[in-house]
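Residue numbers start from 1 in every chain, and the chains themselves are labelled A, B, ... in the order their sequence lines are given, proteins ahead of strands. Worth saying up front: this structure is predicted, and the values here are computed from it rather than measured.
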Number of protein chains: 2
Amino acid sequence: MIPSQMLKGTLEGCVLAILRQEERYGYEISQNLECYGFGRIPEGTVYPLLLRLEKRGSITASFRASPEGPQRKYYALTDLGQKELTEFFRNYRELNRAVEQLIEMTGGYPHAQEDEAAFGGE
Amino acid sequence: MIPSQMLKGTLEGCVLAILRQEERYGYEISQNLECYGFGRIPEGTVYPLLLRLEKRGSITASFRASPEGPQRKYYALTDLGQKELTEFFRNYRELNRAVEQLIEMTGGYPHAQEDEAAFGGE
DNA sequence: CGCTGCTATCTTGCTTTGCAAGGTAGACGT
DNA sequence: ACGTCTACCTTGCAAAGCAAGATAGCAGCG
């Protein structure tokens, strides 16, 4: 499971990415994230995040009826949100580059196979 | 610059990775991180992190003289630290997979030209 | 009708962690 | 003596994920 600390800062960009093409509502987003492989992201995480984005002006909300429950609050990206998403992509890749470079300079990935067993430690 | 929130949880694993092959001291680590592309990671971040790892038993410390200043506190990975490093690698790749899949399922990375257009002068 | 369960939203309070700001101190040059 | 670089540490703040719980609509069952 991905540790919660490692999700900080990343989740927000991911939610922006989810909203990039179509409107979605919070409950749906929470389920989407699990499908994408983030593990269970509880509602106590998703809803405050969405409210934060809404207050900041990154997304806008509109209530619409649901066929099977209470109203849904659909969110859509604003221009600001689109820009923040682009910046998220940039930052995320910058972090990736740094981590990859660090790993490479310090001996590469452990490879998890018999590599280490063959050498017995270095 | 990489936002500080996005470093959370990642920095710790990166410091473990830096210590994987050779002992290093805090001041050095702080400078290394900048070289690897993480931006300036201030000492108010690095030292508490190292003390945390030491208390937890992930690393051990030993003072040694410096040719050009006060004593240096060199840190080395323990077995526990090695295990945590391996787990960090696993978690980091799991997060990467999730983000990459999410990005792909929502339309892929924006094209480089759009990137440049959106953030031409920064 | 009450009960259970799914859908759907929000809030409170806790915890972790990066960081700004500041403090201490050794070594060295001017 | 003073400034600067090296090198360590601490205090207190802010951001964000999350557990736990509150609220409420809707549907089926006994």
Give the rounded distance in Å between these two atoms: [atom1] of [X] and [atom2] of [N].
{"X": "B/Gln5", "N": "D/dA14", "atom1": "CD", "atom2": "P", "value": "13 Å"}
{"X": "A/Lys73", "N": "D/dT23", "atom1": "NZ", "atom2": "C1'", "value": "15 Å"}
{"X": "A/Glu43", "N": "D/dG21", "atom1": "CD", "atom2": "C1'", "value": "12 Å"}
{"X": "B/Met6", "N": "D/dA16", "atom1": "CE", "atom2": "C1'", "value": "14 Å"}
{"X": "B/Leu51", "N": "D/dA7", "atom1": "CG", "atom2": "C1'", "value": "13 Å"}
{"X": "A/Glu12", "N": "D/dC18", "atom1": "CD", "atom2": "P", "value": "14 Å"}
{"X": "A/Arg64", "N": "D/dG25", "atom1": "CZ", "atom2": "C1'", "value": "18 Å"}
{"X": "B/Leu53", "N": "D/dC9", "atom1": "CG", "atom2": "P", "value": "13 Å"}

Is there a side-chain contact between [X] and the phosphate of [N], meaning an N or O under 4.0 Å from OP1 or OP2?
{"X": "B/Ser66", "N": "D/dA7", "answer": "yes"}
{"X": "B/Tyr27", "N": "D/dC8", "answer": "no"}
{"X": "B/Tyr25", "N": "D/dA7", "answer": "yes"}
{"X": "B/Arg72", "N": "D/dT6", "answer": "no"}

query: Quantified as the angle between the terminal helix axes (five pairs each), what is the overall bend of the helix from C/dC1-D/dG30 to C/dT30-D/dA1 to 10 degrees?
result: 10°
field: CD (A/Glu104) with more than 12 external heavy atoms under 6.0 Å
entry: no
query: Do the side chains of A/Ile103 and B/Phe89 get nearer than 4.5 Å, heavy atoms only?
result: yes
message: Under 4.0 Å, counting only non-hydrogen atoms across every strand here, what does A/Gly26 touch: a base, just sugar-phosphate, or nothing?
response: sugar-phosphate
- prompt: Which part of the nucleic acid, if any, lies within contact of B/Ser4, taking any heavy atom under 4.0 Å across all strands shown: a base, the sugar-phosphate backbone alone, or nothing?
  reply: sugar-phosphate
- request: Starting from the 5' end of DNA chain D, give me the residue, A/Gln71 or A/Arg40, whose nearest nucleotide shows up first.
  value: A/Arg40
Are the side chain of [X] and the backbone of [Y] linked by a donor-acceptor contact shorter than 3.5 Å?
{"X": "B/Ser66", "Y": "B/Gln71", "value": "no"}
{"X": "B/Glu28", "Y": "B/Tyr25", "value": "yes"}
{"X": "A/Arg20", "Y": "B/Gly108", "value": "yes"}

Using distance alone, with no hydrogens and no angle criterion, decide if [X] and [Y] have a side-chain donor and acceptor under 3.5 Å apart.
{"X": "A/Glu84", "Y": "A/Ser58", "result": "yes"}
{"X": "A/Asn32", "Y": "A/Tyr27", "result": "no"}
{"X": "A/Tyr74", "Y": "A/Arg72", "result": "yes"}

field: Carboxylate-amine/guanidinium proximity below 4.0 Å for A/Glu54 and A/Lys73
entry: yes
- prompt: Among D/dA24, D/dC18, D/dA16, which nucleotide sits nearest the side chain of A/Pro70?
  reply: D/dA24
Residue whose nearest DNA chain C nucleotide is more 5′ - A/Lys8 or A/Leu50: A/Leu50
- prompt: Could you give the distance from CG (B/Leu95) to SG (A/Cys14), rounded to the nearest 0.5 Å?
  reply: 7.0 Å
task: Extract, from 5' to 3' on DNA chain C, the first and final nucleotides lying under 4.0 angstrom from some heavy atom of chain A.
output: C/dT7 to C/dT17
